[in-house]
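The structure's right below; bear with me while I get my questions together.
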Amino acid sequence: MVIKTQGLVLKQRNIGEKDKFITILSKDQGVIEASARGVKSVKSKLLSGTQPLCFSEFTLFQGKSSYVVNDAQVIESFYDIRLDIEKTALASYFCELLSFISPGEDNGEDYLRLALNTLSYLCTSARTPAFLKPVFEWKLMAISGFCPDLSECASCGNDCEEQAVFYPAEGLLRCRACAEESSQMNCFPLNKPILAALRFMTEADLKKLFLFKLEPKALEYLGTITEYYTLYHCGRGFHSLDFYKNLPKL
C-alpha cells in the first residue's frame, strides 16, 4: 500500500553504507519510522527531502514491518537554522522531545503545527531561542496530556491573580496563604506577569501562541519553570538539551 503524507524529519540513523532510517512526525500518521534506501548517494533523489529538520511531502510504501520512502519532496528545509549552532542545538532538542513523546496518528497534526511554527520563528529569528524554548516545552506538555490547572488555587479556590505558587509534580496552583501550609518541595513562586504568560501559553491557539512579551529576567525564570516541568513529566533528561545548555554564551 502506498501512502502520501507531509512530515518533519526528526532524526536519522545510518543502516549500512547506503541506507538510513528516518523518524518522521507526519501530519496524519503521527511519528513513524521509514527506511530510505540508497539515500547516502549524492545522486539519490531522496537525499534532500530526508535530511533532519526538513519538512517534506513523502510517498511511502507500507511494507510488512516498516515504511519505505519512495519519494520525498522538500516543502521547507529550515536551512538557516543549520547555519547557527545555537539554533541547531535547540532544534535538535525540540526534535528529541517530539521523538520521545511520539504522538499517534489521532493527534499528529497538532504536534506538527507546533513544531513547524516554532522552527519557522527560530529560522527567521523572529523570536529568540530563549523565548521559543519555554513556549515549545510548555505547549508540548499541554497537548501531550500534561496540561496543568492554572485556573485557581487548588486548596481554597482563590483566583491567584496577584501571587501564586506553582507545583510541577501536581500541575496546579496554590495561593501564597495555602502554599505556606503545604510541605511540598520543588515549587515555583509566580508573580502576575509569569502567571499570565503560563496561562496564555496553556490556552492560546497555535496561531497566537508566540504573541506575548516578557522582560528578559522574567523570560529566564519562565524557562526554568517550563524546563523543570518538562523533564519531570518526561521522567528523564535529554542529551540535546545538555548540549544546548553547555554551549558558550556569546
Side-chain angles (χ1 to χ4, degrees), residues 90 93-94 96-98 100-103 107 110-111 113-115 117-118 121-122 127-242 244-246 249:
L90 185 58
Y93 170 52
F94 294 157
E96 190 176 4
L97 267 178
L98 288 163
F100 175 76
I101 297 295
S102 192
N107 55 2
D110 287 341
Y111 291 86
R113 286 178 60 207
L114 174 62
N117 289 353
T118 306
Y121 278 105
L122 183 63
R127 294 289 186 273
T128 66
F131 179 92
L132 293 173
K133 179 178 173 289
V135 175
F136 181 86
E137 288 172 330
W138 191 261
K139 197 64 173 181
L140 181 63
M141 288 295 100
I143 64 178
S144 299
F146 297 99
C147 187
D149 181 4
L150 304 179
S151 59
E152 60 185 22
C153 174
S155 298
C156 71
N158 187 294
D159 61 16
C160 298
E161 286 297 331
E162 294 302 324
Q163 292 184 326
V165 178
F166 176 59
Y167 293 80
E170 298 172 283
L172 52 76
L173 292 178
R174 289 188 174 92
C175 65
R176 288 294 177 91
C178 293
E180 290 177 358
E181 299 176 1
S182 173
S183 60
Q184 295 190 37
M185 304 295 290
N186 298 322
C187 56
F188 293 91
L190 306 178
N191 60 21
K192 190 172 183 178
I194 295 291
L195 177 56
L198 290 173
R199 284 173 169 170
F200 179 83
M201 293 190 299
T202 302
E203 300 169 3
D205 179 85
L206 291 174
K207 291 182 179 180
K208 300 178 180 180
L209 179 61
F210 304 91
L211 304 180
F212 71 95
K213 294 182 180 181
L214 277 178
E215 295 297 324
K217 287 188 177 180
L219 188 60
E220 182 179 357
Y221 186 54
L222 181 70
T224 300
I225 296 170
T226 61
E227 182 180 306
Y228 184 94
Y229 189 70
T230 299
L231 299 184
Y232 179 87
H233 288 285
C234 287
R236 53 161 291 187
F238 295 91
H239 293 303
S240 53
L241 175 61
D242 295 337
Y244 171 74
K245 292 175 67 175
N246 287 323
K249 302 301 180 183

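The structure displayed is predicted, hence computed values, not measured ones. Values below: every heavy atom of this structure, side chains too, minus hydrogens, waters and symmetry copies.
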Next item on the list: Specify the closest pair of heavy atoms between N158 and C175, including all atoms of both residues, with the distance to one decimal.
Entry: CB-CB, 4.2 Å
Notebook entry, point to check: What distance separates F136 CZ from T230 OG1, expressed to the nearest 0.5 Å?
Noted result: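 Nearest 0.5 Å value for the CZ-OG1 distance: 9.0 Å.
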Check: How close do P129 and P134 get, heavy atom to heavy atom, and via which atoms?
Finding: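 Result for this residue pair: O-CD, 4.5 Å.
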Note to self: So, applying ring-ring contact (aromatic ring centres under 6.0 Å, His included) with H233, which one of Y228, F146, W138 is it?
What the structure shows: F146
Checklist line | Residue pair L173 / E152, side-chain heavy-atom distance below 4.5 Å | finding: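 No, every pair of side-chain atoms sits at 4.5 Å or beyond.
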Check: Can you list the residues that meet the side chain to side chain contact (heavy atoms under 4.5 Å, CB included) rule with S151, with sequence neighbours excluded?
Finding: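 S151: side chain to side chain contact (heavy atoms under 4.5 Å, CB included) contacts with D149.
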Note to self: Could you measure the distance from the SG atom of C147 to the CD atom of E203? Nearest 0.5 Å is fine.
What the structure shows: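 Result: 8.5 Å between the selected atoms.
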Next item on the list: Would you please indicate yes or no on a ring centroid separation below 6.0 angstrom for F131 and Y121?
Entry: no
Item checked: Partners meeting side chain to side chain contact (heavy atoms under 4.5 Å, CB included) with D159 (sequence neighbours left out) ->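 Once residues adjacent in sequence are excluded, the partners of D159 under the side chain to side chain contact (heavy atoms under 4.5 Å, CB included) criterion are E161.
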Sequence neighbours left out, cut at 3.5 Å: what donor-acceptor pairs do the side chains of residues 204-225 make with other protein atoms?
| unit_1 | atom_1 | unit_2 | atom_2 | d |
| --- | --- | --- | --- | --- |
| D205 | OD2 | K207 | N | 2.8 |
| Y221 | OH | P189 | O | 2.8 |
| T224 | OG1 | E220 | O | 3.2 |

Notebook entry, point to check: Does the pair I101 and C234 meet the rule for a side-chain contact (heavy atoms from CB on, under 4.5 Å), with working shown?
Noted result: CA-CA 8 Å; I101 297 295; C234 287; 4.3 Å; yes
Next item on the list: Give, for atom CG of L140 and atom OG1 of T226, the distance between the pair rounded to the nearest 0.5 Å.
Entry: 11.0 Å
Item checked: Worked verdict on F166 versus Y229 for ring-ring contact (aromatic ring centres under 6.0 Å, His included) -> CA-CA 10 Å; F166 176 59; Y229 189 70; 5.6 Å; yes
Next item on the list: Kindly compute the distance separating CG (L241) from CD (E227), expressed to the nearest 0.5 Å.
Entry: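 With rounding to 0.5 Å, CG (L241) is 4.5 Å from CD (E227).
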Next item on the list: Report yes or no: does K139 contribute a side-chain atom to a donor-acceptor pair with the main-chain N or O of T202 at less than 3.5 Å?
Entry: yes
Item checked: Whether E96 side chain and S240 backbone form a donor-acceptor pair below 3.5 Å -> yes
Next item on the list: Over all heavy atoms of both residues, which pair between Y244 and A130 is shortest? Give the atoms and the distance, please.
Entry: OH-N, 4.4 Å
Check: Once you round to the nearest 0.5 Å, how far does OH of Y111 lie from CG of L98?
Finding: 8.5 Å
Check: Out of E137, H239, K245, which one pairs with Y93 under the side-chain hydrogen bond (donor to acceptor under 3.5 Å, both in side chains) rule?
Finding: E137
Next item on the list: To the nearest 0.5 Å, tell me how far L150 CG sits from C160 SG.
Entry: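 L150 CG to C160 SG: 9.5 Å, rounded to 0.5 Å.
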Margin query: Around atom OH of Y232, are there more than 12 heavy atoms from other residues, nucleotides or ligands closer than 6.0 Å?
Written below: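 For Y232, atom OH is not crowded (no more than 12 foreign heavy atoms under 6.0 Å).
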